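First the proteins, then the strands, lettered A, B, ... as listed; each starts at 1. Being a predicted model, the structure only gives us computed values, none of them experimental.
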Amino acid sequence: MIPRARKIRTGLRRSPLSKPRRRPPPQPKRPTPALNALKSAAAEDPSAALHHLLSSSNADYPACASLLYRLARARLFPELDALLLFIRSRRIPCSNSLFSALICHFSLASLPHKALHLFYSIPSFNCSQGSPSLHTFNHLLDALVSNGCHDESRCLLDRCSEFGLRANHVSYNVVMKGRLSRDGYDGALQVFDQMHKRGVSPSVVTYNMLIGAAGRNGELSKAMGLKEEMVKKGIYPNAVTYAILMKGFCSSGKYVAAKKLMFDMEYQGCKTQVVNFGVLMSDCGRRSDFDEMKALLAEMRLRKMKPDDVIYSILINYLCENGRMDEAYKVLVEMQVKEGCKPSAAVYRMMVDGFCKVEEFEKGLGILNAMLVSGHCPRLETFGSLISGLVNGGRMEEVCFVLEEMVKRKLGLDLEEWHSLVDTACGKCNGSGELFSQLTSMVFVGGDEG
DNA sequence: GTAGGGTTAG
């Protein structure tokens, strides 16, 4: 498991086929000390990098954009606001894709109104198109819908002409997703009708959402009927459509029918993809049918399909849930060696939690180490269960290692967790003062624990 | 950009 530095997205990558641009003025060969300071600060602390940038004279788009992304990822929103004000006042040119990316970050941080505010302020920036693009608009709709602002999203959809935009199928699909989550199938159907009245054609995604809703309601013939309807309209089901249908069958306990559909789809002119196997694998996992899971993997190999990281994470997840940690570990190694799949944070989490569950805390610690080295950060709960396990086993050196890693990541235990940790440690070692002081010397890092 | 197997998000 080789650690790899995470790439910083600058939004500046150009295709080799894109037109050559005017050559920029020659740059000095050696970076200035100020630039060096900025670079090293940016590598460590985006907030420090901001202060350097605001006081530097050569703040250009690349520097600003990469710092904006870093601040957004670190969720340092006050700093991000300051940088946006700076970019606006300096008339630094910026692209619509930058605004889209920031809107997505605001959405993930549950700040839909911040996303809305940024969208409205786009014309005040030196933005390449001068106004928001349909892409940016659709991202904003999604930010609202994903955060439960259904009425705002519908309102905005009706007002798109004010921004010089014409809503497309994606805009309606996003709003339909919102209605589906709030009002179910019938609500979604209202958006579907509205779409039709306004002359926007449904897409395969539109139908996939309706089919999914029908399947979740257990209305399998309705789901199949929708598939026929789309074909009649010349909208062709894709592998995702079949995956959604198969999932419907599985959730009604019809695994065999789902599997048959996976074979039938090929005859209906749609190539089976990994996602279709994923549906079957998950259903087998829920029923702890590991033999069938193995058979599915063999079938994939027979078809020369490469199991991806998700397929492996399904398998590992259920092996861990069933306490079959030796097998899970084998699969973890196999996915990396045989397929070159990099385990995701989720897979590492499953493995650490799985080892904790069977009380093999040292093996859990080994996985945690690999996880940290590969640049993933465990959840607080994962850290917690590992620590309490190690404390129970009296492995204080390891506990301190884990606590130090938490401190590095500004993760803190709350007061209650500290109490239980200290209680356990003292209980284990008859109130050993040394252990107690080792533990309490760790800094409180949550900020307001007192 | 929106749907989809795993999920902490990407």
Side-chain angles (χ1 to χ4, degrees), chain A residues 6-7 9 73 75 96-97 99-101 103-105 107-109 132-143 145-146 153 157 165 167-178 180-181 188 191 195 200 202-213 215-216 226 230 235 237-248 250-251 258 262 272-286 293 296 300 307-321 335 341-350 352-353 371 376-383 411:
Chain A
R6 200 181 270 190
K7 269 188 194 165
R9 275 177 49 193
R73 263 209 304 268
R75 300 205 174 177
N96 244 302
S97 61
F99 292 113
S100 294
I103 284 170
C104 291
H105 277 291
S107 175
L108 287 172
S133 68
L134 186 57
H135 260 77
T136 308
F137 179 77
N138 288 339
H139 274 298
L140 175 66
L141 281 178
D142 193 55
V145 164
S146 308
S153 71
L157 182 70
L165 298 170
N168 66 357
H169 58 103
V170 178
S171 324
Y172 279 92
N173 288 345
V174 170
V175 171
M176 185 161 140
K177 176 176 77 172
L180 196 56
S181 72
V191 181
M195 210 171 159
V200 178
S203 65
V204 58
V205 176
T206 319
Y207 272 100
N208 285 353
M209 279 194 282
L210 291 175
I211 291 171
R216 282 191 295 277
L226 282 162
M230 66 192 278
I235 304 164
N238 59 18
V240 176
T241 314
Y242 284 98
I244 293 168
L245 281 166
M246 288 167 62
K247 197 183 171 189
C250 286
S251 56
M262 187 172 87
T272 302
Q273 288 182 15
V274 182
V275 60
N276 302 101
F277 278 92
V279 173
L280 298 183
M281 290 276 292
S282 298
D283 194 59
C284 292
R286 276 187 285 270
M293 283 173 109
L296 288 169
M300 289 182 76
D308 64 8
D309 57 325
V310 180
I311 291 290
Y312 282 110
S313 72
I314 296 166
L315 184 55
I316 289 174
N317 179 37
Y318 289 107
L319 285 171
C320 290
E321 269 194 10
M335 72 182 275
C341 283
K342 279 205 295 183
S344 65
V347 166
Y348 282 120
R349 198 263 310 155
M350 292 165 194
V352 181
D353 288 353
M371 182 174 190
H376 290 294
C377 182
R379 287 193 306 183
L380 199 53
E381 298 92 305
T382 300
F383 271 124
L411 286 168

query: Of the nucleotides B:dT2, B:dG6, B:dA3, which has the atom closest to the A:S313 side chain?
result: B:dG6
Nearest-neighbour nucleotide for the A:M371 side chain, B:dG5, B:dT8, B:dG6 considered: B:dT8
query: How do A:T206 and A:I314 order along DNA chain B: which one's closest nucleotide is nearer the 5' end?
result: A:T206
task: Among B:dG1, B:dA3, B:dA9, find the nucleotide with the atom closest to the side chain of A:V240.
output: B:dA3
statement: Among the nucleotides B:dG1, B:dA3, B:dT7, whichever has the atom closest to the side chain of A:N317 is B:dT7
field: A:R349 side chain, from C-beta outward: closest of B:dG6, B:dG10, B:dT8
entry: B:dT8
message: Applying a 4.0 Å non-hydrogen cut-off, can you work out what A:N168 is touching in the nucleic acid: base, sugar-phosphate, or nothing?
response: base
message: With side chain to side chain donor-acceptor pair (under 3.5 Å) as the test, pick out the partner of A:N138 among A:S133, A:S171, A:S100.
response: A:S171
query: What integer number of Å spans the C1' atoms of B:dG6 and B:dG1?
result: 23 Å
message: Quick check for you: among B:dG6, B:dG1, B:dA3, whose closest atom lies nearest to any side-chain atom of A:M209?
response: B:dA3
Which nucleotide in B:dG6, B:dG5, B:dG1 has an atom nearest any side-chain atom of A:S344: B:dG6
message: Measure CG/A:D308 against P/B:dT7 and give the value in whole Å, please.
response: 14 Å
task: For the side chain of A:V279, starting at C-beta, report the closest nucleotide among B:dG4, B:dT8, B:dG5.
output: B:dG5
